[in-house]
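Per chain, numbering begins at 1; letters A, B, ... match sequence-line order. Note: hydrogens, waters and symmetry copies are ignored here, and every other heavy atom, side chains too, is used.
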There are 2 protein chains.
Amino acid sequence: MLSKSTEYAIRALVFVQLRNWEQKRPGVGEIAKEIEAPEAYTAKILQTLTKNKLMDSMKGRGGGFFFNDNQSNLTLYDVIHVVEGDACFHKCGFGLKQCNNDNPCPLHEQYKVVRDGFFEIVKTETIQSLSEKIKQGDAVLNRLNT
Amino acid sequence: MLSKSTEYAIRALVFVQLRNWEQKRPGVGEIAKEIEAPEAYTAKILQTLTKNKLMDSMKGRGGGFFFNDNQSNLTLYDVIHVVEGDACFHKCGFGLKQCNNDNPCPLHEQYKVVRDGFFEIVKTETIQSLSEKIKQGDAVLNRLNT
DNA sequence: TTATAAAAGGACATCAATGTCCTTTTATAA
DNA sequence: TTATAAAAGGACATTGATGTCCTTTTATAA
Ligand code: FES
Ligand code: FES
């Protein structure tokens, strides 16, 4: 399971992409509202993302968040890597100190399939591919009421 | 990813099973040492397990932990359920409030496969099946040095 | 029957993840 | 040039997971 911070980050980035496609650059307030996260906490996460160049921002009047031309193929892995690290793609599912093909824990063979399957997803899907599905109406960014 | 507590719990139960097969009933100290967990914390986790009837225990001299006849097919799911709850099998991977087939998030289709795959594993594998692999020498309970 | 060994249980401590608040920096509009 | 709006940043607060310590209960051996 991804951390709450990572989930906020991914959904924030998707929202920024959707707004960018409408020629808009959302600010912290608008983003936080959309992803239903506390505003100040959202600001911290957005800071991490821009500091790590996953997204760009402008200060001052008319400022906000946006992607530049180098940031238009951002995998979910890139986001996870920056926000919570990639331990979950290497860890032993049984709790051993390291996962090891040659000296496996009793869950190794089955767990590896699941872990690698998730890795494949986050290496394949991008902020842009998710945003596209939402733009096409094939998926949603948030639940309607409550 | 499972919580540390759950990992400790699963490994503790496997160790108890292995010792039981040797006609032994390990105590907290022996278990904690084997799974490389703090002794007092291990004691707490073992308490949770016995309180929830996943395992039995005897107090007093010669006491320790063991499985009774009703506890010989304990799925990993049972353990997870008791120690950390089963949220991870229902949660939306994208962070929406609920996962919903009819109103999916953009990760739903792919994420569901992984999530259900893990569910299948923990519903199929048991403390006894894992212990058997270790007894047969096909898997290990801990890493050797350090 | 008593001393001892072991699990059970309660209270507290530490740490990382999550969340809040306030100040500083900076770009733009007036 | 100044006022304003917005992100950046620092410091602190809260909460849940993890970890520690000490006392109580209970079964057995001597
Ligand atoms: S050794 Fe445990 S998952 Fe690989
Ligand atoms: S709605 Fe997101 S995983 Fe099902």
Side-chain angles (χ1 to χ4, degrees), chain A residues 1-13 15-16 19-20 24-33 35-68 80 82-85 87-88 91 95, chain B residues 1-13 15-16 19-20 24-33 35-68 80 82-85 87-88 91 95:
Chain A
M1 246 194 328
L2 299 174
S3 72
K4 223 164 169 180
S5 296
T6 306
E7 291 175 353
Y8 287 156
I10 292 174
R11 293 203 288 140
L13 289 163
F15 179 61
V16 170
R19 292 296 275 160
N20 280 187
K24 297 279 168 57
R25 295 178 168 181
V28 173
E30 189 184 351
I31 297 172
K33 199 171 175 197
I35 69 175
E36 294 171 286
E39 182 164 329
Y41 194 57
T42 302
K44 287 299 176 210
I45 292 167
L46 296 174
Q47 243 181 75
T48 308
L49 298 175
T50 56
K51 192 151 41 182
N52 287 278
K53 314 276 187 200
L54 301 194
M55 185 166 56
D56 224 332
S57 67
M58 290 281 292
K59 284 186 178 182
R61 274 209 176 185
F65 294 87
F66 60 96
F67 294 98
N68 67 38
I80 295 168
V82 152
V83 178
E84 67 171 83
C88 70
K91 244 188 68 67
Chain B
M1 248 196 325
L2 300 173
S3 72
K4 223 163 169 181
S5 296
T6 306
E7 291 176 352
Y8 288 157
I10 292 174
R11 294 202 289 141
L13 290 163
F15 179 62
V16 170
R19 293 296 276 160
N20 281 188
K24 297 279 169 55
R25 294 179 168 182
V28 173
E30 189 184 351
I31 296 171
K33 200 172 173 195
I35 69 176
E36 295 171 284
E39 183 164 329
Y41 193 56
T42 303
K44 286 300 174 209
I45 292 167
L46 296 173
Q47 245 183 73
T48 308
L49 298 175
T50 56
K51 192 152 42 184
N52 286 279
K53 313 278 188 199
L54 301 194
M55 184 167 56
D56 224 333
S57 67
M58 291 281 293
K59 282 187 180 182
R61 276 208 177 187
F65 294 88
F66 59 97
F67 294 97
N68 68 38
I80 295 168
V82 153
V83 178
E84 66 169 83
C88 70
K91 244 187 70 61

Worksheet item: Within a strict 4.5 Å, meaning less than it, do heavy atoms of the Thr50(B) and Asp56(B) side chains meet?
Response: no
Worksheet item: Rounded to whole angstrom units, what separation is found between the CD1 atom of Ile35(A) and the P atom of dG19(C)?
Response: 10 Å
Worksheet item: dA6(C) phosphate, OP1 or OP2: any side-chain N/O from Ser57(B) under 4.0 angstrom?
Response: no
Worksheet item: CD1 of Ile31(A) versus P of dA8(D): gap in Å, rounded?
Response: 10 Å
Item to complete: Salt-bridge test for Glu39(B) and Lys44(B): reply yes if a basic N is under 4.0 Å from a carboxylate O, no otherwise.
Response: no
Discussion item. As a test of reading the structure: which of dA5(C), dA7(D), dA8(C) is closest to the side chain of Arg61(B), going by heavy atoms?
Written reply: dA5(C)
Worksheet item: Does Lys4(A) have a side-chain nitrogen or oxygen under 4.0 Å from the phosphate oxygens OP1 or OP2 of dG19(C)?
Response: yes
Worksheet item: Got a donor-acceptor pair under 3.5 Å from the side chain of Lys44(A) to the base of dG10(D)?
Response: yes
Worksheet item: Of the nucleotides dA8(C), dT28(C), dG19(C), which has the atom closest to the Met58(A) side chain?
Response: dT28(C)
Worksheet entry | Interatomic distance, Asp56(B) CG vs dA6(C) C1' [rounded to whole Å] | 15 Å
Worksheet item: Looking at Tyr8(A), does any N or O in its side chain come under 4.0 Å of the phosphate oxygens OP1/OP2 on dT18(C)?
Response: no
Practice prompt. Whole angstrom is fine here: how far is it from CZ in Phe65(A) over to C1' in dA8(D)?
Written response: 9 Å
Worksheet item: Who is the Watson-Crick or G-U wobble partner of dT25(C), with both distances under 3.5 Å?
Response: dA6(D)
Practice prompt. Determine the contact category for Gly64(B): base if any of its heavy atoms lies under 4.0 Å from a base atom, sugar-phosphate if only primed atoms, P, OP1 or OP2 are that close, otherwise nothing.
Written response: sugar-phosphate
Fill in: Nearest-angstrom distance from the residue atom NZ of Lys53(B) to C1' of dA8(C)
13 Å
Worksheet item: Across all strands shown, which nucleotide pairs with dC15(C) by Watson-Crick or G-U wobble geometry, both distances under 3.5 Å?
Response: dG16(D)
Worksheet item: Does any nucleotide pair with dT20(C) by Watson-Crick or G-U wobble geometry, both distances under 3.5 Å, and what is it?
Response: dA11(D)
Worksheet item: Looking only at heavy atoms, which two atoms of Ile31(B) and Ala12(B) are closest? And how far apart?
Response: CG2-CB, 3.7 Å
Worksheet entry | Test: Glu30(A) and Arg19(A) ion pair at under 4.0 Å | yes
Worksheet item: Within this structure, what is the CG-to-P distance between Leu46(B) and dA6(C), rounded to whole angstrom?
Response: 15 Å
Discussion item. Suppose we define a pair by two distances each less than 3.5 Å, Watson-Crick or G-U wobble; what does dT1(D) pair with here?
Written reply: dA30(C)
Fill in: Separation of atom NZ in Lys59(B) from atom C1' in dA6(C), rounded to whole Å
9 Å
Discussion item. Between Lys91(B) and Glu7(A), does any NZ, NE, NH1 or NH2 come within less than 4.0 Å of an OD or OE carboxylate oxygen?
Written reply: yes
Worksheet item: Where do Phe65(A) and Val16(A) come nearest, in terms of heavy atoms and distance?
Response: O-CG1, 3.6 Å
Practice prompt. Could you check how far CD of Glu39(B) sits from P of dA5(C), rounded to whole Å?
Written response: 15 Å
Discussion item. Let me spell it out: for each of Gly63(B) and Gln47(B), pick the nucleotide of DNA chain C with the closest heavy atom. Which residue's pick is nearer the 5' end?
Written reply: Gly63(B)
Practice prompt. Look at the side chain of Thr50(A) and decide which nucleotide, out of dT20(D), dA8(D), dG19(C), has an atom nearest to it.
Written response: dA8(D)
Discussion item. Can you tell me which nucleotide in dA8(C), dT18(D), dG9(D) comes closest to the side chain of Ser5(B)?
Written reply: dT18(D)
Discussion item. Please compare Gly62(A) and Tyr41(A) by the position of their nearest nucleotide in DNA chain C and report the one closer to 5'.
Written reply: Tyr41(A)
